[in-house]
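The structure appears below as structure tokens.
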Amino acid sequence: MTPIPHDRRRAAAAQSEACVDIAALADEIRANAASLDERWRMAQWLIEQLRQQLFDADALRRAVATANSQFDAAGVANLKINLTAIRRAAIAGRRAAAPARLSAAAIQADKMLLSLLSPGGALDPRPALGAPVGGIAGRFSLRGRGRG
């Protein structure tokens, strides 16, 4: 059975409409790609800014720690600065809410970034709350050991 001319026009119109939809999708994807490029560039810039801030903060922390030890040696411990209190006050505040759906790589990056702020994290010289002290994994007992 051969299609009638009316069906050919309908098929041509549907194909033309599909081409327009594909072209619109291509334009949208190009815009998304440009936005993604801009966001990656901004993320790279922010990371470099963060690194510079961390380098500067570390130099200041070392200077304050050195001064604190000099205050101890001079017998004027009341002049010491509490670095932990400064850090905790500085990082207190609201955190951005993570979206409901994240890729595994984004979840891992988020955890790494949050570890910089958490107690006992990479930038905190003290162990995390509840962390094992001195590497002790189990109970220590002298019971059952011979004396000599």
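Sequence positions, counted from 1, serve as the residue numbers for this chain.
Here the CZ-CG distance, from R39 to L46, works out to 11.5 Å after rounding to the nearest 0.5 Å.
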Kindly list each side-chain donor-acceptor pair under 3.5 angstrom involving residues 91-107, sequence neighbours excluded, with atom names and distances?
{"residue": "S103", "atom": "OG", "partner": "A106", "partner atom": "N", "Å": "3.2"}

Which pairs of donor and acceptor atoms, one on a side chain in residues 20-33, lie under 3.5 Å apart (sequence neighbours left out)?
{"residue": "D27", "atom": "OD1", "partner": "R30", "partner atom": "NH1", "Å": "2.9"}

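The two residues T66 and S69 have their closest heavy-atom pair at O-OG, 2.7 Å. What you find for R87 and L116 is that their closest heavy atoms are NH2-O, 2.9 Å.
Judged as a salt bridge (Lys or Arg N to Asp or Glu O under 4.0 Å), the pairs with a partner in residues 41-56 (not counting sequence neighbours) are, in order, D37-R41, E48-R51.
Annotation for Q49: atom CD counts as buried by contact number, over 12 foreign heavy atoms lying within 6.0 Å.
Neither I81 nor L79 shares a network with the other; the hydrophobic side chains, linked directly or stepwise wherever heavy atoms of I, L, V, M, F, W or Y lie under 4.5 Å apart, form separate groups for each.
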